[in-house]
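Report on one structure; see the data block that follows.
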Amino acid sequence: MPFRWWSLMLMCLLVALAQSGPPLRALAEKRGLQIGAAVEPSLLLQDPEYAAVLAREFNLVVAENVMKWGALQTSRGQFNFGAADLLMDFARKHRMAVRGHTLVWHQQLPRWMYGGFSAAEMETILREHIQTVVGRYRGRIAYWDVANEVIGDDARPRATPFEVLPDYLEKAFRYARAADPGAKLFYNDYGAEGLGPKSDAIYALLKGLKEKGVPLDGVGFQAHVDLNFSPAAVRMAENLERFARLGLEIHITEMDVRLVGPGSRAERLEKQARVYREVLQVCLRQPRCKVFTLWGVSDAFSWRAASEPLVFDADYQPKPAYFALQQTLQQP
Ligand code: 9MR
C-alpha cells in the first residue's frame with residue numbers, strides 16, 4: 001500500500017514539473033542569453049528551496065548586497081569576503097556566471113568613507129578597494145557594475161564622497177580593467193530605460209567616456225518598474241539602440257515589476273506578466289542585449305516584498321510573469 005502512495009506522489013510531482021515546462025536557463029541558453037537573479041548568500045544556507053529554484057532557473061547571479069563597499073570594507077583596509085565567497089562557490093558549483101555589484105555607488109558606503117579625505121587619499125582608497133575586490137575574483141566575474149547610479153533623477157551627477165577626486169569615474173574603470181582584464185565593465189542605472197532627460201544625461205556621460213578611451217564595455221538598465229511601464233516599450237527599444245550604437249553591450253540588470261494598481265488581482269498579475277514579456281522582447285530583439293536579470297528569486301525576499309514584484313511567489317510558485325518569460329524565450 002505505502003508503495004502505491006509513493007508512486008502516486010511521484011507521478012504528481014512529474015506532472016507538476018512537466019506542467020511548469022522547461023526552466024528559464026535552459027531556454028535562455030538556446031537563445032544565447034544569460035538570465036540572472038540577485039542573491040542574498042545567507043538564504044542559500046537557510047532555505048534549500050531558494051537555492052534549488054535559483055540553480056534550476058538562472059545561469060547568472062549578482063550579489064544583491066554583499067559585494068557593496070559597506071559589506072566588504074567595513075573599516076578601512078579590513079575586508080570581509082565570507083558572504084561574497086559563498087556566492088562565488090555556489091555559482092561555480094552550478095555553472096552560473098557572476099556579475100559583481102558594485103564599485104562606485106553613493107549608497108551603502110561604510111561610515112568611514114565620509115571622513116573628509118583629500119583627493120590624493122580618495123584616489124588611494126578607490127584604487128586599493130578595486131584592486132583588492134576585483135583582483136580577488138579575477139577571471140571569475142564576467143561583468144562588473146563599476147559605476148552605479150552616478151546620474152540623479154534631475155539628470156545631474158549625484159553628490160558622493162568620491163567626487164573629491166574629480167575624475168573618480170574614469171579612474172574606477174581603469175583600475176577595474178587593470179585588476180581583471182577579462183571582466184566586462186558596466187555603467188548601471190535605473191529610470192533610464194526609456195528616452196528622457198536622465199537617459200540623455202547617461203548617454204552623454206558614456207559617450208564622453210568612450211571618446212576618452214575609458215574601458216567601458218556596457219550599460220545596465222535596471223528596470224525597477226511598475227504596471228504602467230508597458231507603453232514605454234517602444235521608446236525603450238529606441239533608447240537601447242542608441243547605446244548599442246556607441247558599441248556598448250546592453251544588459252537588463254535588476255528587473256522587477258510592482259504589482260500595485262487598479263483592477264483585480266488576476267488582472268494585475270496579467271499586466272505584470274505583460275510588462276515582463278515586453279521588456280524581455282525588447283532585449284531579445286536588440287542584438288547587443290545579452291543579459292536579463294531579475295532583482296531577486298521569490299517575492300518573499302524582494303526589497304519590495306509587499307508589492308510582489310518578482311516571477312515566483314513567496315511559496316516559489318511560478319506566477320503568470322514566469323510563464324510569460326518562458327513563452328517569450330520559446331518564440332522565434
Ligand atoms: O535590493 C537592495 C536592498 O536590499 C538594499 O537595502 C538597498 C540599499 O540601498 O539596495 C538594494 O539594491 C539596489 C541596487 O543595489 C542598486 N539599484 C537599486 C536597488 C534597489 O534599491
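As the structure lists them, so they are numbered: ligands from 1, and atoms in each ligand from 1. In this chain, residues are counted from 1 in sequence order.
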Could you check whether any side-chain N or O of Q286 sits under 3.5 Å from a backbone N or O of R288, counting only pairs where one atom can act as donor and the other as acceptor?
yes

Between R174 and E170 (salt bridge meaning N to carboxylate O under 4.0 Å), is one present in this structure?
yes

Donor on one side chain, acceptor on other, E121 and T124, under 3.5 Å:
no

Regarding R136 and D85, does a basic nitrogen lie under 4.0 Å from an acidic carboxylate oxygen?
yes

So, are R285 and E241 salt-bridged, with charged N and O less than 4.0 Å apart?
no

Can you check whether R156's main-chain N or O pairs, donor with acceptor, with D154's side chain at less than 3.5 Å?
yes

Nearest neighbour in protein (non-hydrogen) for atom 12 (O) of ligand 1
W295 NE1, 3.3 Å

Crowding at NZ, K212 (>12 non-hydrogen neighbours, <6.0 Å):
no

the protein heavy atom lying closest to atom 2 (C) of ligand 1 turns out to be E64 OE2, 3.4 Å

Presence of salt bridge, D200 and R242, under 4.0 angstrom
yes

What atoms of ligand 1 come within less than 4.0 Å of a heavy atom belonging to E149?
16 (C), 17 (N), 18 (C)

Ignoring hydrogens, just give me the one of H101, Q222, H106 whose non-hydrogen atom is nearest atom 14 (C) of ligand 1.
H101

So which bit of W105 gets within less than 4.0 Å of ligand 1, heavy atoms only: side chain, backbone, both or neither?
side chain

Part of T102 within contact of ligand 1 (heavy atoms, under 4.0 Å)
neither

Of the listed options (E40, Q107, K68), which comes nearest to atom 10 (O) of ligand 1 when hydrogens are ignored and any heavy atom counts?
K68

Please state which protein non-hydrogen atom is closest to atom 5 (C) of ligand 1 and give its distance, to 0.1 Å?
N65 OD1, 3.4 Å

Just jot down the ligand 1 atoms closer than 4.0 angstrom to any heavy atom of W303, in number order.
1 (O), 20 (C), 21 (O)

So which protein heavy atom does atom 19 (C) of ligand 1 come closest to, and at what separation?
E254 OE1, 3.3 Å

Would you indicate which of H224, Q108, R304 comes nearest to atom 8 (C) of ligand 1 when only heavy atoms are counted?
Q108

Is there a polar contact, in the sense of an N or O pair closer than 3.5 Å, between N148 and ligand 1?
no

